[in-house]
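Some notes on the structure that comes next.
Index from 1, following the sequence.
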Amino acid sequence: RNGAALPGATAAVYSKTFDPTNDVGTYTVTVTGPCGSTTSAAATVTNSTTTVWQGPVDGISGIAGTAWELASNWTCGVPTRTIDVVIPTDIIDGYPVIRSSVSGEVRNLTINSGGFGAFLTVQGRLQVFGEVVNRGGVFDASAGTIEFAANTDQVIAAGLFSNNTVKDLVISTNVSLEGALNLTGA
């Protein structure tokens, strides 16, 4: 990686679990045989900028199966303020829930519609650092906190939230409200 040999990468096959903190970089493979060696073209490994909800993996059910903070429920790990999120439709085993003890982050959030629809339930806190697009899914924040926290202007579209209701709304930037919004928090 980045011109340095990987310890233990000397067999015909090398595999490891991706660590987004330490494994990003440029990789080449050098193969050595009796007649010399050859080096492959460079391949760059980066963190994906989008993670998609895939629901619970086999053997995980109940609360863990819908836990926002469980990496295995996402295609590319738990979302952060620099990662876009897509909540697809037709996930049969469960949609994400940010429970009351959990804080989530997302850059841009897209909630799709169709077949069974798509759902996101916020009972804890969700910080949004980009835009939110709801294409007809269910975005339930009636028991949670939504914080718009971008460094640029943000928009709360009409009908973004289920029943146009959010328990608590925190605005840390300029936010335009394009429709009615009911705030029910204390």
Side-chain angles (χ1 to χ4, degrees), residues 20 24 46-57 60 62-186:
V24 171
T46 62
N47 282 331
S48 174
T49 59
T50 301
T51 190
V52 179
W53 177 261
Q54 61 187 5
V57 296
I60 296 179
I63 290 174
T66 59
W68 174 277
E69 69 278 13
L70 187 61
S72 63
N73 287 336
W74 299 96
T75 58
C76 294
V78 177
T80 67
R81 67 184 62 205
T82 61
I83 302 290
D84 296 340
V85 165
V86 175
I87 309 296
T89 58
D90 300 333
I91 301 292
I92 295 173
D93 295 331
Y95 281 97
V97 176
I98 299 175
R99 293 198 167 47
S100 60
S101 61
V102 175
S103 290
E105 295 180 330
V106 61
R107 182 173 53 190
N108 297 311
L109 171 64
T110 302
I111 303 171
N112 288 321
S113 69
F116 292 113
F119 302 87
L120 172 57
T121 302
V122 179
Q123 299 165 344
R125 180 184 199 93
L126 177 63
Q127 292 180 294
V128 179
F129 292 88
E131 67 176 17
V132 180
V133 176
N134 188 342
R135 295 187 173 138
V138 176
F139 190 1
D140 182 359
S142 62
T145 300
I146 304 296
E147 179 179 356
F148 285 86
N151 291 326
T152 61
D153 295 349
Q154 292 176 283
V155 175
I156 300 174
L160 178 64
F161 299 102
S162 298
N163 300 316
N164 294 319
T165 300
V166 173
K167 179 180 175 202
D168 294 308
L169 180 67
V170 177
I171 297 175
S172 301
T173 186
N174 291 329
V175 173
S176 299
L177 181 60
E178 294 184 337
L181 186 62
N182 303 308
L183 301 176
T184 62

Walk me through it: do Phe119 and Ile91 pass the test side-chain contact (heavy atoms from CB on, under 4.5 Å)?
CA-CA 9 Å; Phe119 302 87; Ile91 301 292; over 6 Å; no
CA sep, side-chain torsions, deciding dist, call: Val138, Tyr95, side-chain contact (heavy atoms from CB on, under 4.5 Å)
CA-CA 10 Å; Val138 176; Tyr95 281 97; over 6 Å; no
Evaluate the criterion side-chain contact (heavy atoms from CB on, under 4.5 Å) for residue pair Val85 and Trp74; output intermediate values, then yes/no.
CA-CA 9 Å; Val85 165; Trp74 299 96; 3.6 Å; yes
For Thr66 and Arg99, run side-chain contact (heavy atoms from CB on, under 4.5 Å): C-alpha distance rounded to whole Å, both residues' side-chain angles, the deciding distance at 0.1 Å, then the answer.
CA-CA 9 Å; Thr66 59; Arg99 293 198 167 47; 2.8 Å; yes
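Atom OG1 of residue Thr49 and atom CD1 of residue Ile83 lie 6.5 Å apart, to the nearest 0.5 angstrom. Atoms CD and CZ, on Glu147 and Arg125 in that order, are 4.5 Å from each other to the nearest 0.5 Å. Here Leu177 contributes atom CG and Ile171 contributes atom CD1; the two are 8.0 Å apart, rounded to the nearest 0.5 Å. The distance from the CD atom of Glu69 to the OG atom of Ser103 is 10.0 Å, given to the nearest 0.5 Å. The CD1 atom of Ile111 lies 12.5 Å from the OG1 atom of Thr89; values are rounded to the nearest 0.5 Å. In this structure, the separation between NZ on Lys167 and CD1 on Ile146 is 12.0 Å, given to the nearest 0.5 Å.
Taking 4.5 Å as the limit, every side-chain heavy atom of Asp153 sits out of range of all side-chain heavy atoms of Ser176. With contacts defined as side-chain heavy-atom distances shorter than 4.5 Å, the pair Leu120/Leu109 qualifies. Looking at Ser142 and Phe161, their side chains never come closer than 4.5 Å, going by heavy atoms from C-beta outward. Contact check for Val106 versus Leu126: side-chain heavy atoms found under the 4.5 Å cut-off. For the pair Phe129 and Thr80, the minimum side-chain heavy-atom distance is 4.5 Å or more.
In summary, of the residues considered (Val155, Leu160, Ile156), a side-chain contact (heavy atoms from CB on, under 4.5 Å) with Glu178 occurs for Val155 alone.
The two residues Gly130 and Asn108 make their nearest non-hydrogen contact at CA-OD1, 3.3 Å. Nearest heavy-atom pair, Trp68 versus Pro96, reported as atom, atom and distance to 0.1 Å: CE3-CB, 3.9 Å. Of all heavy-atom pairs between Ser172 and Ala149, the closest is CB-CA, 4.0 Å. Residue Ser113 comes nearest to Gly137 through the heavy atom pair CB-N, 3.9 Å, listed as atom of the first residue, atom of the second, then distance.
Counted within 6.0 Å of CG on Asn182, heavy atoms from surrounding residues, nucleotides or ligands total more than 12; the atom is thus considered enclosed.
In terms of modelled atom types and a separation under 3.5 Å, the side chain of Asp140 and the main chain of Ser162 share no donor-acceptor contact. In this structure a side-chain-to-backbone donor-acceptor pair under 3.5 Å is present from Thr173 to Thr152. A donor-acceptor pair under 3.5 Å is formed between the side chain of Thr51 and the backbone N or O of Cys76. A donor-acceptor pair under 3.5 Å is absent between the side-chain atoms of Asp84 and the main chain of Arg107, judged by distance alone.
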